[in-house]
Trainee: 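Below is a structure I'd like to ask you about.
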Protein chains: 4
Amino acid sequence: MIHRLHFQIDERSGVPVYRQMMDQVKYYVAGGTLRQGDQLPSIRELASALTVNPTTVVKAYTELERDGVIEMRHGKGAFVSGRAKAITREEQEVALRRSAKQLAVEATQLQVTPPRVITVVREELNAVNPSPSADETPVKFTVVPGR
Amino acid sequence: MIHRLHFQIDERSGVPVYRQMMDQVKYYVAGGTLRQGDQLPSIRELASALTVNPTTVVKAYTELERDGVIEMRHGKGAFVSGRAKAITREEQEVALRRSAKQLAVEATQLQVTPPRVITVVREELNAVNPSPSADETPVKFTVVPGR
Amino acid sequence: MIHRLHFQIDERSGVPVYRQMMDQVKYYVAGGTLRQGDQLPSIRELASALTVNPTTVVKAYTELERDGVIEMRHGKGAFVSGRAKAITREEQEVALRRSAKQLAVEATQLQVTPPRVITVVREELNAVNPSPSADETPVKFTVVPGR
Amino acid sequence: MIHRLHFQIDERSGVPVYRQMMDQVKYYVAGGTLRQGDQLPSIRELASALTVNPTTVVKAYTELERDGVIEMRHGKGAFVSGRAKAITREEQEVALRRSAKQLAVEATQLQVTPPRVITVVREELNAVNPSPSADETPVKFTVVPGR
DNA sequence: GTGGTCTAGACCACG
DNA sequence: GTGGTCTAGACCACG
């Protein structure tokens with residue numbers, strides 16, 4: 001069974017690319033799509049799929065390792081660490097709410113009506129390729145670039 | 001009548017502060033809350049309300065002037081330019097959809113259910129102080145810091 | 001009063017340059033030469049003094065910040081953190097003993113006599129420019145490249 | 001008579017393992033402990049004694065052969081080459097002084113007093129199992145892992 | 001001036 | 001194949 005990770009990089013957002021990558025790995029771990037022992041895409045694979053420089057991926061992975069989310073094994077690859085959930089349930093809620101708030105503020109400033117906002121959110125939720133239901137063996141993931 | 005501008009600055013987001021400010025002014029103009037001739041908060045007022053460095057506000061206003069959104073009048077202040085809508089209707093839609101997409105991707109990665117996402121968005125839309133219905137005379141705005 | 005930091009980079013050693021830099025900053029903090037609030041050489045200054053690439057210094061400083069040893073202030077510079085001694089007295093002893101052991105093993109393999117080893121160590125201790133006695137105000141340091 | 005080679009591998013040092021092994025063989029040859037015709041530990045023996053990957057030992061031995069220090073005899077093992085002293089007396093002095101300098105710099109940065117440094121060096125010299133006085137027949141060596 | 005991010009690409013260690 | 005380090009240099013944010 002092939003698992004797909006949807007990585008969404010928005011270059012125009014101003015958020016450093018390596019941080020966008022870090023956040024999304026953490027979200028996948030927090031959500032349970034990525035689990036202990038799973039192998040992440042290799043640096044080169046991820047870099048080419050997202051058309052970013054390999055050193056940018058190296059930076060993201062290095063920071064994720066320092067955060068205890070992943071482990072790098074020399075010559076082997078990058079794996080989800082056994083240490084911990086990347087972020088707590090509470091931080092998860094905070095992250096979601098932060099994005100929701102930004103959307104709400106923006107919509108209000110643009111004077112877009114709430115029903116219209118809800119409609120657009122629904123459409124985007126449908127458009128995102130849902131991650132497959134996880135099975136029980138550690139797997140290697142392929143990348144679905146999103147931009 | 002006193003109008004309030006809700007400025008939402010998220011320092012942790014990685015987006016440059018001056019760009020966050022620029023975007024929000026543009027959104028207010030696009031949405032019709034800010035209209036031609038309206039006076040924006042002074043640099044000092046905005047800087048102290050948002051506790052950012054005044055030079056950051058200067059940069060935002062300078063760039064907004066270059067974009068034709070506002071005009072600086074020496075000794076008077078900053079005013080919404082007569083030249084144009086800050087962003088087109090289409091750009092508006094793009095901006096909204098971009099935020100919605102980011103939310104959708106994030107929620108999917110976190111395996112938050114769509115209904116839960118919609119609930120959170122509704123809550124945040126209600127929480128945002130709705131901008132008042134515009135009247136017809138140019139006004140000066142006060143700032144409601146949001147962070 | 002001008003303070004000097006003696007940085008010793010050995011490219012032939014195989015130890016990554018950024019790690020050599022990190023260790024030496026930690027040693028200076030542990031030894032009390034660098035104290036809370038002291039400003040480190042700027043990235044560019046250190047890079048040019050040691051003729052390494054600025055990105056290498058960036059990496060060393062970034063890791064040191066993550067370790068709580070220094071703080072980067074945007075537009076201001078790098079400063080010794082108030083948080084903690086960089087390494088404990090015990091780690092200090094470990095570090096010293098590790099170097100001493102390596103020297104001892106090497107000398108034994110080379111069949112250099114212990115008195116000769118002691119003589120060479122004494123000479124090298126005298127050759128190192130001793131760090132000046134610290135005074136009481138935070139200072140900026142200049143770099144003495146050593147290689 | 002059984003001879004013992006003390007191999008000191010420090011994984012944390014950042015120096016590639018194969019290079020640490022190469023250096024120490026060279027030092028033993030330079031010091032006269034290993035002499036022409038002596039048989040080195042087999043790849044498997046050395047790998048398991050030091051718990052490193054056999055390919056790492058292969059790399060070290062291959063490079064040592066390229067440097068003319070040893071010869072691999074198919075099906076027989078690795079032997080000290082007749083060609084030359086692995087390093088000259090001068091290189092020996094350079095190697096020793098390099099280690100001594102690193103120790104001196106480190107101690108100075110840690111503000112450890114010279115007498116204390118000398119004490120620690122003496123202790124470590126005593127702690128190292130001195131290599132036995134060489135006799136005159138080629139011998140096979142066993143390994144004393146040091147870490 | 002200061003730090004921060006990123007690209008393009010080389011070279012190396014480990015398996 | 002995998003990850004790790006480093007250079008050279010561009011461009012940006014902040015003060």
Side-chain angles (χ1 to χ4, degrees), chain A residues 9 11 13-22 39-48 50-65 70-79 140, chain B residues 11 14-22 47 52-60 63, chain C residues 9 11 13-22 39-48 50-65 70-79 140, chain D residues 11 14-22 47 52-60 63:
Chain A
I9 302 297
E11 282 175 335
S13 75
V15 182
V17 172
Y18 82 94
R19 274 203 46 189
Q20 294 185 47
M21 294 172 57
M22 286 178 68
Q39 182 171 9
L40 291 163
S42 79
I43 289 172
R44 286 161 176 78
E45 180 189 352
L46 191 49
S48 93
L50 301 179
T51 58
V52 300
N53 194 285
T55 59
T56 301
V57 183
V58 168
K59 180 159 191 175
Y61 276 16
T62 302
E63 296 281 302
L64 282 168
E65 186 168 39
I70 69 174
E71 284 170 20
M72 314 294 290
R73 299 188 201 138
H74 210 121
K76 298 277 186 56
F79 300 82
K140 191 165 184 311
Chain B
E11 280 176 335
V15 183
V17 172
Y18 83 97
R19 273 203 49 190
Q20 294 185 48
M21 294 171 56
M22 285 179 66
V52 299
N53 194 292
T55 59
T56 302
V57 183
V58 169
K59 176 150 192 179
E63 295 285 303
Chain C
I9 302 296
E11 281 175 336
S13 74
V15 182
V17 172
Y18 82 94
R19 273 202 47 189
Q20 294 185 47
M21 295 172 55
M22 286 178 67
Q39 182 170 8
L40 291 162
S42 80
I43 289 171
R44 285 161 178 78
E45 181 189 351
L46 191 49
S48 92
L50 301 179
T51 57
V52 299
N53 194 285
T55 59
T56 300
V57 183
V58 168
K59 180 159 192 177
Y61 276 16
T62 302
E63 295 283 302
L64 282 168
E65 186 168 38
I70 69 174
E71 284 170 18
M72 313 295 289
R73 299 191 201 135
H74 210 120
K76 296 278 184 58
F79 300 82
K140 191 165 186 311
Chain D
E11 281 176 334
V15 183
V17 172
Y18 83 96
R19 270 202 50 189
Q20 294 185 48
M21 294 172 55
M22 286 178 67
V52 300
N53 195 292
T55 60
T56 302
V57 184
V58 169
K59 176 151 192 179
E63 295 286 303

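Hydrogens, waters and symmetry mates play no part in the numbers below; they use all other heavy atoms, side chains included. Throughout, a chain's letter reflects where its sequence line sits, starting with A, and its residues are numbered from 1.
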Trainee: State, to 0.1 Å, how close C:Lys76 and C:Gln39 come at their nearest heavy-atom pair, and which atoms those are.
Mentor: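 Minimum heavy-atom separation between C:Lys76 and C:Gln39: O-NE2, 3.4 Å.
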
Trainee: Whole-Å distance between F:dT5 C1' and C:Gln20 CD?
Mentor: 12 Å

Trainee: Would you indicate whether the side-chain heavy atoms of C:Tyr61 and C:Ser42 approach each other to under 4.5 Å?
Mentor: no

Trainee: Expressed in angstrom and rounded to an integer, what is the separation of A:Ile9 atom CD1 from E:dC6 atom C1'?
Mentor: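 For the pair A:Ile9 CD1 and E:dC6 C1', the rounded distance is 13 Å.
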
Trainee: Please tell me if the side chains of B:Lys59 and B:Pro16 come closer than 4.5 Å, counting only heavy atoms from C-beta onward.
Mentor: no

Trainee: Distance check needed: E:dT2 P versus C:Ile70 CD1, whole Å only.
Mentor: 15 Å

Trainee: Does the side chain of A:Ile43 come within less than 4.5 Å of A:Met72's, by heavy atoms?
Mentor: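 Yes, their side chains come closer than 4.5 Å.
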
Trainee: Which letter, B, S or -, goes with each nucleotide of nucleotides 7-15 of chain F from 5' to 3', with contact meaning a protein heavy atom under 4.0 Å?
Mentor: BBB---BBS

Trainee: What heavy-atom pair brings D:Arg19 and C:Ser13 nearest, and what distance separates the two atoms?
Mentor: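 So the two residues come closest at NH1-C, 4.5 Å.
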
Trainee: Can you tell me which stems DNA chain E forms, taking runs of 3 or more consecutive Watson-Crick or G-U pairs with both distances under 3.5 Å?
Mentor: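 Paired runs of 3+ in DNA chain E: E:1-14 with F:1-14.
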
Trainee: Check side-chain hydrogen bond (donor to acceptor under 3.5 Å, both in side chains) between A:Thr55 and all other residues, then give those that pass, not counting sequence neighbours.
Mentor: A:Asn53

Trainee: Looking at every non-hydrogen atom in both residues, tell me the closest pair between D:Gln20 and D:Val15 and how far apart they are.
Mentor: NE2-O, 2.8 Å

Trainee: Measure CE/A:Met72 against C1'/F:dT5 and give the value in whole Å, please.
Mentor: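 After rounding, the gap between these two atoms is 13 Å.
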
Trainee: In whole angstroms, how far is the P atom of F:dT2 from the CG atom of A:Leu40?
Mentor: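 Going from A:Leu40 (CG) to F:dT2 (P), I get 13 Å.
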
Trainee: Minimum heavy-atom separation for B:Pro54 to B:Ala47, with atom names?
Mentor: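 What the structure gives for the nearest pair is CA-CB, 3.8 Å.
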
